[in-house]
Structures are given as C-alpha cells and as structure tokens.
Amino acid sequence: MKSRCLSNLMRIDLCAFAAIFFLLLSFAHAANAQRLSTNVIPTHYSLDFMPDLKTATFSGNEVIDVNIKEPTNTITLNANELKFESVGVIYQHDEQKGSVSFDTDKEQATLTFPNTIPAGDATLRIHFTGILNNKLRGFYLSKTDRRSYAVTQFESTDARRAFPCFDEPAFKATFQVKLTIDKDDTAISNTPIERDVDGAGDWLPDGKHHTVTFETTPKMSTYLVVFVVGDFQCTSGEQDGVKLRVCATPDKVKLTPFALDVAKFALHYYDNYFGIHFPLKKLDFIGIPDFEAGAMENFGAITFRETDLLLDPKAATFRAQRNATLAIVHEMAHQWFGDLVTMQWWDNIWLNEGFATWMENKCTGAMHPDWNIPQFVAADEQRTLNVDAQPTTRAIRASADTPDEIEQMFDFIAYNKAGAMLLMVENYLGEETFRKGVHAYLAAHEYGNATAEDFWNAQTEVSHKPVDKIMESMVAQPGAPILEFGAPAAGQVSVAQSRFFLSPGTKPDPAQRWMLPACFKAGATGQVCQVLTPSSTSLAVPASKIFFANAGGKGYYRSAYAPDQYTALVAHVETGLTPAERISLTGDEWAQVRANKAPVGDYLNLVAALSSDPSEDVLANAVDNVSIITDTVASTPQERDALAAWIRRTFLPVYTRLGNAAENGTSNQRDLLAYLFGVLAGGGKDANLQAQARSVADRYLADPASVDPTFGQTALGIAAKNGDSALFDKLEKIYETSSDPELQEVALRELVMFKNPDLLERALEYSVSSKVRNQDSAIQFNLAMRIPENRDQAWKFIKTHWDQVKTEFTPEMGSYFVAGTANFCSVEARDDVKDFFASHPVPATSSYVRHALEHIDGCIELRKLQEPNLRQWLAAQPQ
Ligand SMILES: [Zn+2]
C-alpha cells in the first residue's frame with residue numbers, strides 16, 4: 001500500500017503529521033488474541049461472485065480446499081459483515097452440513113459439524129451474501145455521476161468482508177475467481193481471463209449477464225486478491241513478455257499512456273534488479289474513483305487513487321508526475337517484495353513498506369536522473385528525523401494483533417523511517433552488495449513468507465558486515481541519535497551519541513545508544529564509512545578540506561559540529577557539499593534551533609547563504625522553516641513585516657535573475673522559479689507579484705496548457721488566498737466538471753485557502769456536502785487548519801457542526817482531521833483541543849491527539865525561547 005501524501009499540492013509535511021504515530025504501549029494484552037489456529041491450512045479457493053451494483057449487494061459461492069492436521073469437528077475462519085446461507089464439508093467421499101457461530105469482535109466464524117473430520121484433505125463449501133459497502137474497504141461501491149463500480153480493497157484485514165477466508169498473510173493459497181456481471185460490464189482480477197461465457201453461470205445464457213472466469217493464481221496471501229467490475233477501459237503494452245494495461249473510467253482513459261511508460265521502464269528495471277523475472281503473465285493498473293489510500297499492490301492488478309495514476313504529462317505539474325511515478329513504481333516493487341515474498345505477520349509490515357519506499361526513489365531516480373531524486377530523498381529524511389525526534393514516536397518494531405492495531409502499523413515510521421534505514425544500509429554496503437542480499441532473500445522465500453531477521457541475515461551473509469546488529473539496533477529503539485563531533489585531529493574525531501529530541505525540555509535516557517554506519521565525506525563525492533558502536537568515543541576520519549559527517553545525506557542521524565568546523569562548512573556550503581548534503585546540513589542546523597542550541601538568526605543567515613542555490617529542493621527545504629518562523633516564532637505584525645522585507649531583499653534579486661532564463665529551462669529550474677514566486681508573493685508579501693498571481697491564475701484556469709503548470713498552480717494558490725467569489729465559483733465548477741484528476745484535486749484544495757470569511761464558510765460547508773468524496777473531506781479540514789488566518793474559523797466550524805463532520809470520515813481519514821489541530825500554538829487552543837477530543841473521540845486516533853498536543857506545546861516552547869533571538873537578529877538587519 002502506498003500511504004497518501006499531499007506533497008504534490010503544497011510543500012507541507014502533512015504526511016509527517018497525518019501518517020504518524022501510535023504509542024503501542026497500550027497493546028499489552030493476550031498475545032495472538034485474534035490469530036487463527038494452524039490446525040486447518042487452506043490450499044486453494046474457488047470464488048464465485050455475483051455482484052448487483054444497483055442494490056449494492058452480492059452473493060458468493062466458495063469452495064476452499066484445506067488440509068487438516070488433527071481430527072476436528074470445528075473450523076474457525078475470518079468473516080465480517082457476511083451472511084452465511086449454507087456450509088458443508090466434503091472429505092473421503094463423505095459430505096456433511098454444518099452450522100455457523102460468530103465472534104463479531106474477532107471477525108471470526110466457527111463452522112461446526114456433527115461428525116469429526118479426520119486429518120487429511122477436505123473441502124469446505126460455503127454459500128454467502130454480503131453488501132457492497134461505502135466504507136472504501138472489503139468489496140465496496142465506488143460512484144461517478146455516470147454509474148457505479150464494484151471494487152475491492154483488502155489490505156490489511158478486509159478480504160473477510162468479501163468472502164469467508166483464512167485472512168492472515170501466512171495462509172498462502174491459490175485462488176480462482178469467477179464473476180457473473182452485467183453483459184455490458186467488464187471485470188479485472190489478479191490473473192488473465194481464462195473463459196468468458198454468456199449467462200449467469202457457465203451454461204445459462206440469459207441475455208443479461210456474462211460470467212468471467214480468471215486463471216488460477218500462484219500461491220499468495222488473501223490481502224492481495226482483487227476484483228473490480230464496471231466499464232473500465234485500458235491502454236495496453238508489453239515489456240519483457242509481460243502484458244501491461246493501464247485502466248480507467250472511460251472519460252479518463254486518455255490519461256493512461258503516462259503510467260504505461262512508467263510501468264514499462266520499471267518492469268524491466270525490476271526484472272534486472274531482483275534477478276527474478278516478474279512472476280505473472282500480466283500486470284494491470286486501475287484508477288478507481290473512490291480510493292482511500294494512494295494505491296494498493298494487489299498481485300497482478302494494482303489499484304490507485306486516480307491522481308496517483310492518471311495524468312497528462314503536458315498539463316500536469318512536475319510534482320504530480322513525480323508523485324504518480326513514485327506511487328506506480330512503489331506498488332510494482334511490492335509485486336516481488338511483499339507479494340512474491342510476504343511478511344510472516346503484520347508486525348513486519350515495516351520491512352514491506354520501508355523497502356518499497358526506498359525502492360520507489362531508486363527506480364524513479366534511474367528513470368529520471370534529471371528529477372534530482374537524491375535531493376528529494378534528503379529533504380524527506382529531514383521531515384522524518386524531525387517527527388522521530390518527538391517523545392511520542394515509536395520503535396519500528398512493534399506488535400500488532402487486532403485489525404485496529406494492524407491498521408496503525410501503516411504509519412510514517414513503517415514507510416519513511418524504515419526506508420531511510422535501508423538507504424543508510426545500502427549506502428554502507430554498496431549498491432551491488434545490497435542488491436545481492438535482496439536477491440538472496442527473495443530467491444530463498446519466493447511464494448512463501450519471511451521475517452525481518454531473514455532479510456538482515458541474508459544481507460549479513462552476503463556482505464560479511466554486521467548488518468544484523470545495525471538493523472536490530474535501528475528497529476528496536478524509538479528515535480534517532482545526534483552525533484556530537486569534536487575537532488578532527490590526526491585522523492581521528494571524538495564523538496558522543498545521545499537520543500535527539502526537538503524539545504530542549506525532554507532529556508534523553510543516557511543508556512539509549514545505537515549501532516550504525518557513520519559515513520564521512522572524502523573528496524568531492526567520495527565517502528569513508530565507520531561503524532559507530534554504543535561504546536565508540538572516537539572514529540577514524542579521512543583527510544579532507546572540510547569535515548562533513550553525513551556523506552550524501554544518507555545517514556539516519558543528526559550531526560553537531562565544533563564551532564570552527566561548522567563555520568568552515570557554512571563558508572563552503574555551495575562549493576564543498578552536494579545538494580543532498582546541503583539539505584542535510586540545513587536540517588541539522590534547524591534541529592539545533594529547535595533544541596535551543598543555536599539562535600534562530602544563525603539559521604536565517606544559513607538560508608541567506610543558500611539564497612542563490614540552483615536546486616529547488618535545497619532552497620525549499622531551507623525556506624520552509626522560514627515559514628515556521630514567520631507563522632509561529634514571530635508574534636507581532638511588526639516582526640512578520642520585518643521578516644517579509646528580509647525575504648524580499650534576499651530572494652527578489654535571485655527571482656529576477658532566474659525569471660527570463662527559466663522559461664525554457666529544466667523542470668527543476670521552472671520549479672525553482674515557481675517556488676520563489678510563491679515565497680515572495682506569500683511570505684514576502686510582494687504586492688506586484690500578488691497582483692500578477694491573479695492574472696496568471698486566470699490564464700491557467702482558462703487554458704492550463706498556456707502556463708507552466710507548476711507556476712500556474714502556485715499563482716492559483718496565492719490568488720485563492722486573496723480571492724473573490726468569482727474565483728471561488730470557477731474553482732467549484734472545475735472540481736465538479738473537469739475530467740483531469742490533478743486539476744480537480746487542486747481546485748478542491750484551493751477552496752479552503754480563501755481568507756474571505758464568507759467564502760471560507762462556504763468551502764467548509766462544501767467539504768461536508770455530498771459533492772465532496774469521503775476520500776477527500778478530512779483532508780479539506782486538515783488544510784484549512786494549516787492556514788493561520790483560517791485556523792480559528794475552521795476549528796469553530798468543526799466544533800459546531802460535529803455531527804455532520806464526523807460522518808465524513810472513513811477509518812483512515814479521521815487521523816488527517818485530528819492532525820490538523822497540531823497547527824495551533826497557544827495554551828488556550830491546546831486546552832480546547834484536548835477538552836474537545838476528550839468528549840468527542842474520533843475512533844483509533846487517541847495517539848494522534850497526543851501528538852497534536854505535543855506539537856502545540858513544542859510550538860509554544862519554540863516561540864518562548866526563540867522570539868527574543870529573532871527580535872535581536874531583526875534589529876541588526878539593514879532596513
Ligand atoms: Zn506500499
């Protein structure tokens with residue numbers, strides 16, 4: 001699964017806030033409380049479905065071949081919101097009917113038979129009915145204004161909503177799916193169609209239906225089964241002998257060629273990288289109108305939120321293209337790492353998701369060397385480190401037994417931190433050695449299940465380096481260390497490690513230490529890595545003009561330098577460090593400000609030193625924290641105006657110089673220009689550029705191809721903030737009528753940016769109306785709460801319309817909504833948020849509430865400690 005991040009919309013760490021943390025201490029309860037017995041092992045499922053899209057119901061007949069270890073007369077499997085019509089078991093030519101009892105809390109059904117079933121092979125026959133729900137999970141209904149679609153989303157524990165099954169990843173079996181559907185509809189599943197005949201069933205033409213039977217799958221887990229029904233249309237291609245199709249609703253099929261090109265590249269790349277040919281005959285990619293996550297890696301048929309798959313490269317922003325590419329290749333990596341070899345249990349989902357997150361960057365970087373993926377990765381790592389520097393973070397390794405606990409495993413730690421750890425290990429071992437370890441792991445466990453230990457033992461064996469100890473140290477402990485270096489002398493540098501917290505009030509436990517590779521920069525692009533152990537007090541360092549302790553920005557740790565070394569680094573920041581290293585250094589300095597070890601002015605001086613940086617990622621990573629200073633450290637209009645003047649003085653000359661050159665420049669140059677435009681018109685309050693924003697936005701909306709899309713969308717963001725009802729109406733119309741998913745999404749998101757209170761109220765009301773999909777509602781509130789001018793009104797709306805607001809959340813989306821409150825920065829607001837959620841709990845978000853409160857406290861502390869420093873620094877600036 002690819003978690004949903006909104007980075008294509010604005011450069012905000014919504015993921016950092018939204019996909020976060022669950023303190024897992026509350027999970028102490030009887031181990032394996034919901035696990036099935038291993039006495040009955042499924043080997044094959046024949047699944048026969050007849051969905052009725054008009055009544056939103058379905059009926060199913062299934063036959064499950066099982067192997068029984070010990071004689072028994074009861075068999076327990078998973079089922080949720082299914083009605084059993086009949087059950088039977090066949091063994092040794094005997095057949096008996098059974099009865100069913102349910103444990104709804106455990107989502108289990110127990111079949112009881114009058115006579116004991118002997119050990120050996122047997123066959124279960126179950127006839128059942130169910131509903132096509134509107135919860136975006138299980139077998140569910142997705143709607144457009146034209147028609148309905150029946151689609152599935154099973155990860156983690158929702159296959160049991162579609163058919164009774166042994167719904168645990170280690171119960172791998174083969175599946176044959178058969179769907180009886182309306183004669184004009186099509187169906188897609190994991191494998192190619194084996195036969196397609198008229199009628200309901202294989203032999204009864206009725207003029208209304210046809211029955212599609214798919215080939216039997218290889219051995220796989222239940223959560224990877226998929227079937228979709230509707231009038232999807234596809235664009236086809238082929239790569240390495242595998243048939244590829246990208247499918248969408250008919251109005252969007254024109255937006256499928258982009259993804260097909262990505263898929264072709266990635267399939268060949270992965271065939272080579274893994275050294276194992278793609279294991280199925282075909283691979284489909286399907287854009288679904290209602291989809292909760294970003295995408296889902298069902299074996300052989302990947303499903304997507306439309307914005308993560310369907311776009312026109314001529315009209316789409318660079319960011320949208322990058323995000324869709326990352327999502328597509330992420331899911332494709334899972335076809336091997338996750339689908340072919342699957343984790344034994346959900347407590348190891350971090351290895352799946354961390355691997356796919358690391359690999360999506362690697363594959364996209366190979367496909368588009370000009371997209372500066374290493375910088376993108378380094379910037380992401382800064383956000384991850386900051387989130388992991390809060391007391392409420394968790395260790396990568398955690399236990400999970402119930403569906404709620406499993407759901408909470410798919411968080412920022414599992415994706416971003418685990419991905420960052422794998423990048424660090426790969427950098428230490430070398431790309432080819434690491435690749436051989438990945439191959440050895442996959443080859444040893446294909447069509448089976450494996451654990452994190454299997455992975456790091458394979459890496460340790462191939463590399464003869466202590467990967468097992470490093471990864472164990474990284475997954476078992478929450479947080480990340482800061483490495484405090486002395487001045488290098490005689491080829492050695494002293495080092496002390498301790499857990500890093502953003503808040504100076506939180507003291508680390510001195511016993512907490514890590515084992516990890518620290519890689520020092522040597523020459524322009526070289527590095528020398530040393531393993532830091534819990535007892536290390538010094539490390540050997542290469543001779544170098546400057547001392548930089550995180551080569552390539554690939555180490556998952558913070559660094560602090562002695563004053564002379566830091567001064568030398570800042571002096572050589574543009575000439576001595578790569579862009580990714582500049583991002584890493586900036587992040588370390590910001591962390592020092594947050595921890596009150598450096599004044600905020602030092603950070604602003606570093607930003608000024610980077611003002612002419614040619615990399616959009618470097619600049620954006622640096623300037624994003626200036627927005628935090630403007631929005632939170634500065635508390636008076638005078639301070640904000642002085643900061644705006646500094647932004648104009650620092651960046652207007654760069655913007656003017658870039659202006660003419662960027663028109664025909666690289667995507668990075670165009671992105672940089674658009675970014676600076678946003679900085680100057682937004683935080684810099686440049687009146688000329690603000691006026692220009694509206695005319696650029698109007699041109700963009702009238703004809704998106706007439707303006708560079710990134711520039712057009714940035715201008716639209718500025719124009720919306722200051723916009724009138726005419727612009728509001730225009731955006732609402734685009735959202736409701738456009739067939740371009742990116743443009744639709746942008747139009748919707750901008751509605752909550754309007755500062756005019758009447759228009760903002762309209763936007764909030766619209767967010768809870770039937771016009772806005774459930775997959776988007778909570779995100780609208782999260783975004784409104786990010787805008788300082790809109791925050792109070794949005795919060796008031798939420799509180800006064802609570803009954804209406806809460807019906808809009810699907811299970812995963814409640815967290816986005818709660819996370820929005822983390823943007824407050826006062827004691828009164830913190831207490832209000834705390835009181836409100838105490839009396840109005842949102843399911844499965846208690847730890848998000850704790851994190852939001854902690855974030856507000858952090859903001860209050862930052863302002864208290866750094867505002868005097870800011871005043872002093874501003875007073876010393878030229879006017
Ligand atoms: Zn994933």
Side-chain angles (χ1 to χ4, degrees), residues 1-8 15 18-20 136-137 152-159 169 190 220-226 259 262-263 266-267 269-270 273-274 278 283-288 291-305 307-309 322-364 377 380 384 396 400 406-423 438 441-442 449-450 452 455 812 815:
M1 195 148 28
K2 169 87 173 149
S3 70
R4 178 82 191 132
C5 298
L6 302 180
S7 51
N8 60 333
C15 280
I20 347 178
L136 310 188
R137 49 188 61 202
T152 62
Q153 166 60 36
F154 291 162
E155 192 179 23
S156 309
T157 56
D158 291 309
N190 303 85
M220 57 185 264
S221 304
T222 46
Y223 81 91
L224 295 167
V225 174
V226 64
V262 175
L267 193 94
Y269 181 85
Y270 289 148
Y273 186 88
F274 293 123
F278 179 70
L283 179 56
D284 291 324
F285 304 77
I286 312 149
I288 308 283
F291 199 83
E292 192 177 39
M296 175 62 212
E297 69 265 24
N298 315 295
F299 210 7
I302 305 170
T303 42
F304 290 82
R305 200 178 254 246
T307 41
D308 284 319
L309 182 74
R322 184 175 64 189
N323 280 358
T325 304
L326 290 168
I328 293 164
V329 305
H330 174 107
E331 304 308 329
M332 288 179 75
H334 276 314
Q335 300 294 308
W336 285 262
F337 208 107
D339 296 4
L340 181 64
V341 178
T342 309
M343 70 278 152
Q344 184 72 24
W345 181 249
W346 298 106
D347 56 351
N348 271 321
I349 191 65
W350 62 266
L351 183 58
N352 248 13
E353 295 306 346
F355 185 90
T357 301
W358 163 80
M359 183 50 110
E360 73 186 47
N361 295 320
K362 190 174 179 71
C363 177
T364 302
V377 171
D380 189 58
T384 308
I396 290 176
I406 293 164
E407 175 87 28
Q408 295 174 22
M409 289 286 100
F410 291 82
D411 65 1
F412 197 69
I413 295 298
Y415 285 79
N416 301 56
K417 182 176 180 182
M421 172 180 68
L422 292 172
L423 176 69
V438 171
Y441 164 80
L442 290 176
N449 297 80
F455 179 79
E812 199 179 283
S815 54

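Whatever order the structure lists ligands and atoms in, that order sets their numbers, starting from 1.
The side-chain hydrogen bond (donor to acceptor under 3.5 Å, both in side chains) check on T303 picks up N298, with sequence neighbours excluded. Residues satisfying the side-chain contact (heavy atoms from CB on, under 4.5 Å) criterion with D158, sequence neighbours excluded, are R137, R161.
Residue contact annotation: M1 places an N/O/S atom under 2.8 Å from the Zn ion (ligand 1). Among the backbone and side-chain atoms of E297, no N/O/S atom is found under 2.8 Å from the Zn ion (ligand 1).
For E353, the N, O or S atom with the smallest separation from the Zn ion (ligand 1) is OE1. Looking only at N/O/S atoms, H330 comes nearest to the Zn ion (ligand 1) through NE2.
Here F337 and Y441 bring their ring centres to under 6.0 angstrom of each other.
Between E297 and D339 there is a side-chain heavy-atom pair separated by less than 4.5 Å.
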